[in-house]
Structure formats: C-alpha cells, structure tokens
Amino acid sequence: MKKFISIINSNPFIYFLGIAFIFLAWYIISIAQGYGNIVFPTPVETLVKTGELLSNAYIYKCIGWTILRLLIGYSISFVLAMILGVFAGYYEKFYTFLKPLIIILKSAPTAAFIFLFLILVGSRFASIFIVVLVTFPILYEAAVAGIKNIPDHLNEALKIDCGNFVYGFIKVRIPLALPYISVGLLSSFALGFKTSIMAEIISGDTNYGLGSAITAFRNSDASNLSPIFAITLIAIMLISLVDIAILLIKRHFKVQ
Amino acid sequence: MRNFKNLFLLIGIFGLASGVSSCSEGSKTFTTNEIKVKVATPSKAPAVALFAHLKEGNVEINSAANNVIAYLTTASDKDMVIAPTNAGISAIVQRNAEFKIAATVTFGNFYLLKTGKDSDNKLSEGDKVLAFQETNVAGRLFKYVYGDLNLNTTYLADVTAVKNEILTNTNFDYDYVLLAQPDVNEILRSQTAYSVYANVQTDFKAKSGGKEITQASIFVKNTSNKDDVVETLNTIKNDVDALLDNTSNLIEATKDVENEVFASKLGSTKEELKSLLDDNNQLGIGFKKAKDNKASIDEFISTFGMGKTSEEIYFNY
C-alpha cells in the first residue's frame with residue numbers, strides 16, 4: 001500500500017496523469033462538437049494520421065528544412081546576443097543604450113516583420129530572420145543576466161588577482177554566466193521553432209517546411225484537419241525532446 | 001520466287017517504318033526551357049501556368065495572394081508577377097507600379113451548385129444563395145452575372161468557409177451555393193443531392209456579349225530585360241498550350257515533384273488536377289496576350305468599378 005501511494009505521489013506518475021487528462025479532454029471536445037476531421041479530429045484519428053505522416057519521406061524533409069532554417073537564424077541570433085549581451089552585462093551604460101531597441105524587438109508584432117523580410121529575402125528565407133527577431137532578445141537578456149549575476153566579491157577578486165582582463169573574462173566570468181546562457185538558449189529554441197513554423201505559413205512558402213506542409217494539406221483538403229493536427233503533434237514531440245534537454249541541463253547546472 | 005523476295009522486302013520496309021514511327025511516338029516527351037527571370041505567382045489556379053517549373057529557383061509560388069500582389073508595389077527583385085488582373089491593374093493605375101500587363105493565364109473556375117432545396121429548381125428572386133468574397137473576384141462576378149435577380153445572398157470570407165458551412169451546418173437551408181474548382185468536385189462527391197446549376201464563366205460570357213473572365217494575368221516589370229521576359233512569356237505559352245493539348249504532360253513534367261509539394265503549389269493532387277483539365281478545362285487555364293484581349297479585361301475590371309484601361313499599361317511583344 002505504501003509503495004502504491006508513493007507511486008501515485010511521484011512526479012512521473014502525475015506528469016503521466018497530466019498527459020492523460022489532455023488526451024481525455026481532447027477526445028471529449030472532439031466527440032462533443034461532432035464534426036470529426038472537419039473541425040476537431042479525435043486523438044485516435046490524429047495519432048493514425050501522425051503514423052501515416054511519419055512513414056512518408058516528405059515530412060522528414062519538412063522537419064529538416066524547418067530545423068535548418070531555425071538553426072541558421074538561431075546561430076545568427078546567438079552570436080549577436082553573446083557579443084552585445086556580454087558587453088551590456090559588463091557596461092551598464094551600454095545596457096541602457098540598447099534597452100529601447102530590446103523593448104521594441106520584444107514588443108513589436110512578429111507578423112508585421114514577416115512582410116518586410118518577404119520583400120527583402122523572399123518567402124523561402126523570411127522565417128530565418130523572424131527566428132532572429134524572436135530569439136535575440138531572450139538570448140541577449142540571458143547573457144546580460146549571466147554576467148550581472150556574477151557575485152561582486154568575485155568581480156573584486158578578479159580585479160585584484162587576475163591582471164589579464166580577457167583571461168579572467170574567458171576563464172571565470174563566461175563559465176559563471178553559462179547556466180543562464182544555457183537555459184536562455186534552450187528556452188528560446190522552442191519559441192524559435194514555433195515561430196519558424198508560423199513564419200513559414202504567413203510568408204506563404206510552398207517548398208519544404210512544417211508550416212509549408214500545413215499549407216499543403218490545407219490546400220489538398222481544407223475540410224480535413226487531421227493532417228494539420230498530426231503536424232502539430234509532431235512539432236510538440238520535437239519540442240518535448242528539447243524540453244527534456246533543458247531539464248537535463250538545468251539539473252547539470254543546478255539551476256532552478 | 002522473285003515475287004516472294006519483293007513481298008518480304010515490302011513487309012520488311014513496312015515493319016521498319018512502323019517501328020520507327022512507333023518509336024518516335026513513344027519518345028515524344030514534354031520539354032520546356034528553364035525560366036531565366038524571377039517570377040512570383042499565387043498558388044493554385046494561377047500557378048498552373050508554371051506547372052513545368054515548380055522546382056526552379058527563379059520561380060516563387062506563394063500560398064498568400066496578397067504577398068504576391070505586394071511584389072508589384074514594392075522594390076522587390078521580381079521581373080514577372082502573376083496576380084489577379086484587377087489587383088495588378090489597380091496597382092499600376094492607382095499606385096504607379098512599374099509593371100505592364102502581358103497576358104492572362106486563368107479565365108475563371110466558378111460554378112453555381114443547386115442544393116436540391118429550391119422547389120422550382122430555377123434561380124429566381126428570393127432564392128437563398130451562399131457565396132464568398134463579397135468585395136473580391138468571386139463576389140463581384142456573382143453580382144455582375146446574377147445581381148439583377150434580387151437573390152437573397154449571404155457572403156462568407158472564402159471558398160473554404162462555404163465548403164465547411166455545407167459540411168457542418170445541420171440546418172443548412174440555402175438553395176444554391178457558389179463554389180470554385182476543385183472544391184466543386186469535392187462537394188459533389190460528398191453531397192449527393194447537389195448538382196451543377198450554372199457555369200459562371202459561360203453566364204458571364206452571355207451577359208457581357210462574349211467577353212471572358214480575365215481572372216489572373218502576368219505583369220512584367222518595365223525595367224527588366226525585354227528579351228528575357230519575352231522568352232519567358234513564350235515558354236509559359238508553349239507550356240500551357242502543351243498542357244491543354246495533352247494533359248498527361250502535367251504528370252510528365254512533375255514526375256520529380258512530390259504530391260504534397262505539388263498540392264502546396266497548385267492546390268490539388270496531380271490526378272485531380274489532370275481530371276479537372278480533362279473535363280473541359282474546369283480550372284479555366286489558358287494563355288492569351290493581354291493586348292489582344294483588352295475588351296475582356298476592361299469588362300472584367302468594370303465589375304470592380306474600374307474604368308477602361310489605357311493602351312500604355314499593355315506590354316508589347
């Protein structure tokens with residue numbers, strides 16, 4: 001009995017219950033609205049469609065292209081954020097100087113920029129720049145927080161004991177900031193992934209990509225939403241893998 | 001003996017000739033030239049003109065028509081844009097877009113379906129009609145053709161909304177619905193009481209004195225290399241002619257394109273699109289020089305309250 005209670009009190013079991021609840025609610029809503037694939041496919045229909053899609057080479061090309069564009073955008077964003085974030089973390093005046101720009105980037109509607117990038121780089125590459133736009137402020141602030149949260153006594157000690165600024169920066173400050181940067185990196189990855197798919201849809205790209213796949217299935221049969229639900233499920237599964245990675249990294253660095 | 005020899009010779013020559021002839025028939029494959037200029041088009045029917053170029057880097061097929069229309073009025077690198085004729089001419093006339101109209105490539109794919117609920121089976125005053133795009137091509141054409149019948153018309157945002165209303169509304173009480181291909185076929189397959197009541201293209205012709213629906217046209221940038229542009233227009237014309245001549249060319253030209261990518265760009269599967277073209281070209285695909293079709297273009301844009309076009313906006317080639 002004690003063992004049973006400890007199982008149902010365990011986090012993995014409660015996590016599993018949470019997933020079961022989502023599927024149950026999904027099933028009830030789907031059955032209640034009564035139009036099946038036209039409006040709200042059931043979990044079973046979605047899972048069957050997901051299996052079909054995953055046995056089709058097309059969907060892997062779509063995943064690959066979405067991830068490739070995400071990685072390109074993300075790399076640009078990361079390099080920019082690290083350079084500017086580290087400086088802003090170290091020099092308060094530079095941080096203040098960049099603040100208005102970061103506020104604009106954080107609050108401006110992403111969709112509005114898609115049309116700008118559409119004209120500048122075309123529909124195939126617009127999503128790369130949207131990823132930069134969305135992930136840069138998060139990565140930048142993670143870098144700033146990492147540098148700013150280095151304890152004062154360590155900064156003082158570095159000033160006294162470490163004559164070489166660059167050496168102290170690379171060997172001490174960057175490693176101390178790394179937990180913040182890592183978490184920012186992985187948290188914004190999921191956001192970048194979602195945004196990339198959205199940007200593919202809005203930019204109207206009809207080549208490979210998960211967003212383009214949603215458009216393709218909608219064009220084939222707009223009254224059957226099961227492929228769109230299935231693509232969403234695939235995206236969730238991919239993001240879940242990233243979430244697991246975040247969890248492991250948080251544990252590794254003991255970050256709350 | 002000599003006669004036998006001659007007979008064998010004749011048979012041999014005949015056999016060889018038939019073999020050569022059948023060989024040349026068998027190897028008659030679809031060929032086209034790569035497009036050199038940068039072209040953008042909305043997906044679905046207008047993009048069918050580019051069916052042989054779906055994988056080429058210079059060709060952008062965009063699922064959002066507004067994105068493509070924006071290329072007309074912004075500093076984009078597109079040399080050629082396929083856009084709704086009314087939107088393209090409006091961009092040239094009202095917003096000084098640096099483009100000229102060169103050719104029309106789609107001539108309408110609208111159909112009026114009867115639902116089986118109209119007791120007299122005749123479109124007449126008071127009949128309930130479900131249509132779409134009140135202020136855009138479909139709605140404007142519908143008003144032009146059937147506007148004087150005093151119908152009780154409800155407009156939804158787009159053709160998908162009409163389709164979903166048919167499929168999900170249990171109290172659906174419309175007598176007629178306006179739809180576009182390929183959705184017409186999809187509805188006819190699932191709703192057995194429905195049938196095609198009218199071909200809007202035919203009714204437009206009757207009402208306008210023989211003019212056509214010039215739905216989507218090719219617009220070319222004034223500053224682009226004229227030789228390249230003309231070469232591309234000729235390539236597209238030859239492709240479209242070859243397609244209408246033998247719809248198997250659609251399958252032949254797109255054998256390397258996956259069905260999903262094909263659907264994303266052209267709006268339906270290869271087989272469905274081929275069957276629509278085989279069935280009296282229900283997508284309204286074609287190629288006509290705009291300059292030679294000015295009267296139809298003027299009539300079509302008049303449904304949007306626009307005046308007659310000037311000769312200056314037509315591309316000479």
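Proteins get letters first, then strands, A, B, ... in listed order; numbering begins at 1 in each.
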- Rounded to the nearest 0.5 angstrom, the OH-OG distance for Tyr208(A) and Ser264(B) is 10.5 Å

- Message: Using a 3.5 Å distance criterion without hydrogens, assess whether the side chain of Thr206(A) forms a donor-acceptor pair with backbone atoms of Asn62(B).
- Response: no

- Message: Would you say NZ of Lys36(B) has more than 12 non-hydrogen atoms from neighbouring residues, nucleotides or ligands within 6.0 angstrom?
- Response: no

- Message: Can you confirm whether more than 12 heavy atoms, excluding those of Phe129(A), are under 6.0 Å from its CZ atom?
- Response: no

- Measure from the side-chain N and O atoms of Asn67(B) to the backbone N and O of Leu118(A), and report whether any donor-acceptor pair falls under 3.5 Å. no

- Message: Counting only non-hydrogen atoms closer than 4.5 Å, does Phe115(A) touch chain B with its backbone (N, CA, C, O), its side chain (CB onward), both, or neither?
- Response: side chain

- Could you look at Leu120(A) and say if it's the side chain, the backbone, both or neither that has a heavy atom under 4.5 Å from chain B? neither

- Flag if over 12 foreign heavy atoms under 6.0 Å of NZ, Lys274(B): yes

- Task: Any chance you could measure Ser63(B), atom OG, to Arg218(A), atom CZ, to the nearest 0.5 Å?
- Result: 10.0 Å

- Message: To the nearest 0.5 Å, what is the distance between CD on Glu260(B) and OG on Ser212(A)?
- Response: 12.5 Å

- Counting only heavy atoms not in Phe94(A), do more than 12 fall under 6.0 Å of its CZ? yes

- Task: State whether a side-chain donor-acceptor pair under 3.5 Å links Asn207(A) with Lys55(B).
- Result: no

- State, yes or no, whether a side-chain contact exists between Glu258(B) and Asn56(A) at a heavy-atom distance under 4.5 Å. no

- Tyr60(A) OH: over 12 foreign heavy atoms closer than 6.0 Å: yes

- Query: Counting only heavy atoms not in Phe172(B), do more than 12 fall under 6.0 Å of its CZ?
  - Reply: yes

- Item | Most chain A-contacting option - heavy-atom pairs closer than 4.5 Å, from Thr168(B), Val159(B), Thr160(B), Asn164(B) | Thr168(B)

- Go through the atoms of Lys78(B) and report whether side chain, backbone, both or neither lie under 4.5 Å from a heavy atom of chain A. neither

- Query: Should the heavy atoms of other residues, nucleotides or ligands under 6.0 Å from NZ of Lys106(A) be counted, would the total exceed 12?
  - Reply: no

- Item | Straight-line distance of Asn224(A) CG to Leu167(B) CG, nearest 0.5 Å | 11.0 Å

